[in-house]
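Down below is the structure, laid out as structure tokens.
Numbering of ligands and ligand atoms starts at 1, following listing order.
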Amino acid sequence: MGATMTETSEAPQPQAGPQPEGDARRVLKVALLGGGTVGSQVARILLDDAEALAARAGARLELVGIAVRNVDAPRDVELPHGLYTTDAEALVGSADLVIELMGGLEPARTHILAALRRGASVVTGNKALLAQDGATLFDEADAHGAELNFEAAVAGAIPIIRPIRESLSGDRITRVLGIVNGTTNFILDAMDTTGAQFADVLAEAQRLGYAEADPTADVEGLDAAAKAAILASLAFHTRVSLDDVRCEGITNVSAADIAAAQDAGLAIKLLAIAELVPLEPADGAEAAHDGAAGAPREGVSVRVHPTLLPRTHPLAAVRGAYNAVFIEAENAGSLMFYGAGAGGAPTASAIMGDVVTTARRLLAGSPGRTGTATRTLPLVGPEAVTTSYSIGLEVADEPGVLARVAAVFAEHGVSIETMRQRIDGAEPASEGAGARPQGRRAELRFVTHRASEAALAATVADIKNLDVVESVTSVLRAEGV
Ligand SMILES: NC(=O)c1ccc[n+]([C@@H]2O[C@H](COP(=O)([O-])OP(=O)(O)OC[C@H]3O[C@@H](n4cnc5c(N)ncnc54)[C@H](O)[C@@H]3O)[C@@H](O)[C@H]2O)c1
Ligand SMILES: N[C@@H](CCO)C(=O)O
Ligand code: NA
């Protein structure tokens, strides 16, 4: 075991059999980097629940310090002032187990690497760092016999990392669909419930404290993309980083999109989607194989975008700031994991689960491997992925317009599943329903069968060029319609 452990001088004699209060001779020194929203809750649990944690971990978990930027900053959770320090480096040097909750890339990365190089294990909630440079951290952990655990990094309190890494390690996961950002789910849900526009709901979410003052990482999908990269790496045993994730946020989702989705029995959710995609062999070439005899070559697609879902899909029922991850596996079938994806105490629960599990394995002298990549799957771009699309258009309400638009879909081989028409906000009218006033506009909404992004883009470009089309108001992807 890489970590050193101390023994207290007033140690009781060892006893045979189970020891409900843990083995009090053994102490694991725990350093906490960051005393903010999550860190303060982790410290509270470590101090308040010390006895129960010792019983479960098999050693006393001694909080030796909390590294912060300013030791005198006002705090919501009252903790012994003497625990705070600005010297994170020294704190890391004294610990058996380091909990990193500073966030950001640096100096978090430097401190985690320093801990792992000493053989100290690390628990972190830092999805941004893991998605950017997880491979380096995993390699370092494995090289030094230390563990790096990160349940809190994806979907907060929801157990999802460990189920993928452990419970499903004997299955073959084929697809992961996740609502992994609470802020955007809160906004989309509020738009769905109230009919309000994105900007108004965002302002309200900021007022209520759901959205950050700078909501860019959330509303542009970057936070979800980091989580998607982590989920894809674990689910498919390959390496995926943030740069591999195609990402589109929710800033362009309009109240009209939401209303149209509702009319069609659909909901709009920001989904992180990671899936295995079969790859066609190159022209004239044999299909390459990924190592398993006879296995067809496959790639991984990882993306984040607003997605239309049938309102009957389990993910459509996820309301407010909650998160959920839906997994499809060859043998398990469909599984859904649901709960609080953020917040101090919920996220601290996931951190503490990792801390106790890590402590147990350290005490048993058998740290687990951190890295799970066993193969290198190609990342596939949108050209190899097909999805259904919903396209909204504003057109002149004139005879023959529908036929001209439909012809463009046909030219590009994009098959239409449904079409809805609304005249100047009035109830749908059928073609040929009597004389229309001149200059009226109609809104058309098409839902397509599965199509490639290239075919869809070419279709939209040609539709925009039709003189009867005033504008393409939205293009949204759909799943399960
Ligand atoms: N807040 C959540 O709901 C949530 C959920 C899941 C994961 N996370 C992750 O947990 C981590 C912590 O999030 P948080 O919300 O508690 O952040 P926070 O901003 O509330 O707290 C950060 C803490 O780190 C300290 N810190 C930051 N930079 C430092 C530096 N250079 N030196 C010393 N101390 C420094 C700050 O003083 C503060 O105490 C992040 O990686 C975040 O992505 C947070
Ligand atoms: N900003 C994130 C916090 C949890 O990672 C969210 O809204 O879900
Ligand atoms: Na989690």
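- Closer than 4.0 angstrom to ligand 1 sit non-hydrogen atoms from Gly34, Gly35, Gly36, Thr37, Val38, Ala67, Val68, Arg69, Leu101, Met102, Gly103, Pro107, Gly125, Asn126, Lys127, Ala152, Ala342, Gly343, Thr347.
- Listed for the Arg450 side chain is a donor-acceptor partner under 3.5 Å among the backbone atoms of Thr386.
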Quick check for students: name every N or O atom pair between ligand 2 and the protein closer than 3.5 Å, with distances.
from     : atom 1 : to     : atom 2 : distance (Å)
ligand 2 : 1 (N)  : Asp218 : OD1    : 2.9
ligand 2 : 1 (N)  : Asp218 : OD2    : 3.4
ligand 2 : 5 (O)  : Lys127 : NZ     : 2.4
ligand 2 : 5 (O)  : Lys227 : NZ     : 2.8
ligand 2 : 7 (O)  : Asn181 : ND2    : 3.4
ligand 2 : 7 (O)  : Gly182 : N      : 3.4
ligand 2 : 7 (O)  : Thr183 : N      : 2.9
ligand 2 : 7 (O)  : Thr183 : OG1    : 2.5
ligand 2 : 8 (O)  : Gly182 : N      : 2.7

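- Of the possible polar contacts, one joining the Arg369 side chain to the Gly371 backbone as a donor-acceptor pair under 3.5 Å is found.
- In this structure, Phe138 has its ring center under 6.0 Å from that of Phe150.
- Judged purely by atom type and a 3.5 angstrom limit, His144 uses its side chain to pair as donor or acceptor with the backbone of Glu140.
- One N or O on the side chain of Asn70 and one on the backbone of Asp72 form a donor-acceptor pair closer than 3.5 Å.
- In summary, Gly341 places no N/O/S atom under 3.0 Å from the Na ion (ligand 3), failing the contact criterion.
- Between the Na ion (ligand 3) and Gly156 there is an N/O/S contact shorter than 3.0 Å.
- Within the 3.5 Å criterion, the main-chain N or O of Ala332 finds a donor-acceptor partner in the side chain of Asp171.
- Of all the heavy atoms in Ser40 and Val77, the pair that sits closest is OG-CG2, 3.6 Å.
- The backbone N or O of Ser301 sits nowhere less than 3.5 Å from a side-chain atom of Glu275 that would complete a donor-acceptor pair.
- Put simply, the angle at the Na ion (ligand 3) from O in Ile158 to OE2 in Glu151 is close to 80°, to the nearest 10°.
- When atom types are taken as modelled, the side chain of Gln262 and the backbone of Asp192 share a donor-acceptor pair closer than 3.5 angstrom.
- Under a 4.0 Å N-O distance rule, the pair Arg445/Asp257 qualifies as a salt bridge.
- The side-chain tip of Arg75 points at the ring of Tyr84 from less than 6.0 angstrom away and within 45° of straight on.
- Look at Val154 and the Na ion (ligand 3): an N/O/S atom of the residue is under 3.0 Å from the metal.
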